[in-house]
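Any value given below was found using the heavy atoms of this structure, including those in side chains, with hydrogens, waters and symmetry copies removed. Everything numeric here is computed off the predicted structure, so don't read it as measured data.
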Amino acid sequence: MFVLLASLLLFLRGCLQTRAALHAENLALRHQLLVLQRVHQNRRLRLRSCDRLVWVWLSRVWSNWRSALRIVKPETVIAWHRQGFRLYWKWKSRVRHGRPSVPTEVQTLIQTMSSANPRWGAPRIHGELQKLGIHLAQATVAKYMVRHRKPPSQTWRTFLENHAKELVSTDFFVVPTATFRLLFVFSGSVS
């Protein structure tokens, strides 16, 4: 019975201590807000002797008083956030060491093979390189191949001149009449 009563008293004491600690933290935060409001008027932080006495009293009453002792201007917090973003994006855009680059000799070999054999595609050159003991991906071979110019295609005007005799034009549209009936019109013409 005595153990139960003692543990109940210790539990109540713990509840009261945490409530007192919560009140002390609220008091500390409200005091910080008052100090910051004074800072905005004078543009400089000046702690008065009464401010110092409040913190001395809080240090005696509340054991965790250092956790709430942060008097910072909003501009400082914004500067910290900007610096954090700068550091994050600097870290994010750092140079990463990825795949090793293809040697220039192999690049020139791929270009020579593709220019000498314009009908060979990347799979054929890839196979020939593997026979020589050079192991690359087929996409890498395609990346370094010489791009052959294709013959220019005809313009739209040339197409119309060449095929004007075979062209057929059609149109489909709706005409409302005076009696609000709809006439569906399908017209066509041969050039």
Side-chain angles (χ1 to χ4, degrees), residues 22 25-26 29-30 32-37 39-41 43 45 67-68 70-191:
L22 182 65
E25 184 177 6
N26 283 340
L29 293 174
R30 287 175 190 263
Q32 287 178 5
L33 288 174
L34 288 174
V35 170
L36 281 175
Q37 286 172 354
V39 168
H40 284 296
Q41 293 169 359
R43 289 286 183 207
L45 177 66
S67 66
R70 306 269 191 276
I71 300 177
V72 180
K73 293 181 184 178
E75 297 86 26
T76 307
V77 175
I78 291 171
W80 288 343
H81 280 265
R82 285 183 181 150
Q83 184 181 11
F85 279 120
R86 263 189 245 113
L87 287 173
Y88 172 76
W89 286 110
K90 184 179 178 182
W91 170 78
K92 193 81 169 158
S93 62
R94 70 190 184 279
V95 177
R96 295 183 181 144
H97 302 289
R99 292 183 179 183
S101 62
V102 178
T104 54
E105 299 86 22
V106 176
Q107 291 178 18
T108 55
L109 178 63
I110 293 170
Q111 291 170 354
T112 306
M113 289 174 77
S114 67
S115 62
N117 305 301
R119 294 194 179 266
W120 285 8
R124 174 76 185 263
I125 295 175
H126 178 250
E128 296 296 325
L129 288 174
Q130 282 187 334
K131 289 177 189 174
L132 295 174
I134 301 170
H135 299 286
L136 294 174
Q138 186 174 325
T140 306
V141 172
K143 178 180 174 182
Y144 293 111
M145 283 178 56
V146 173
R147 304 282 178 239
H148 300 289
R149 284 188 51 120
K150 295 178 182 173
S153 62
Q154 60 182 346
T155 63
W156 184 247
R157 182 178 189 139
T158 310
F159 174 79
L160 289 177
E161 288 172 359
N162 292 338
H163 301 284
K165 295 177 185 167
E166 293 88 21
L167 288 178
V168 175
S169 64
T170 61
D171 196 8
F172 182 77
F173 56 94
V174 178
V175 177
T177 62
T179 59
F180 301 108
R181 291 182 56 210
L182 294 177
L183 295 178
F184 299 99
V185 180
F186 181 72
S187 68
S189 66
V190 177
S191 302

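- Contacts classified as ring-ring contact (aromatic ring centres under 6.0 Å, His included) and involving residues 158-177 (residues at least two apart or in different chains) are given here: Trp156-Phe159, Phe159-His163.
- Of the possible polar contacts, one joining the His126 side chain to the Leu136 backbone as a donor-acceptor pair under 3.5 Å is found.
- Partners of Arg119 according to the salt bridge (Lys or Arg N to Asp or Glu O under 4.0 Å) rule, which considers only residues two or more places apart in sequence or in another chain, do not exist here.
- Not counting sequence neighbours, the partners of Thr158 by the side-chain hydrogen bond (donor to acceptor under 3.5 Å, both in side chains) test are Thr155.
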Taking only distance into account, with no hydrogens and no angle test, what donor-acceptor pairs under 3.5 Å do side-chain atoms of residues 100-114 form with protein atoms, sequence neighbours excluded?
from, atom 1, to, atom 2, distance (Å)
Gln107, NE2, Val102, O, 3.0
Thr108, OG1, Thr104, O, 3.1
Thr108, OG1, Glu105, O, 2.8
Thr112, OG1, Thr108, O, 2.7
Ser114, OG, Ile110, O, 3.2
Ser114, OG, Gln111, O, 3.1
Ser114, OG, Val146, N, 3.0

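- Across all non-hydrogen atoms, the minimal contact from Pro123 to Gln138 is CG-NE2, 3.1 Å.
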Could you give the side-chain donor-acceptor pairs of residues 85-94 under 3.5 Å, partners two or more places apart or in another chain?
from, atom 1, to, atom 2, distance (Å)
Ser93, OG, Trp89, O, 2.7
Arg94, NH1, Trp91, O, 2.6

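- Taking all atoms of both residues into account, the shortest heavy-atom contact from Glu128 to Trp120 is CG-CZ3, 3.9 Å.
- Pairs passing the side-chain hydrogen bond (donor to acceptor under 3.5 Å, both in side chains) check and including a residue from residues 171-186, sequence neighbours excluded, read Thr177-Thr179.
- Of all non-hydrogen atoms in Pro118 and Ser115, the two that sit nearest each other are CD-O, 4.0 Å.
- Residues satisfying the side chain to side chain contact (heavy atoms under 4.5 Å, CB included) test with Val174, not counting sequence neighbours, are Leu182, Phe184.
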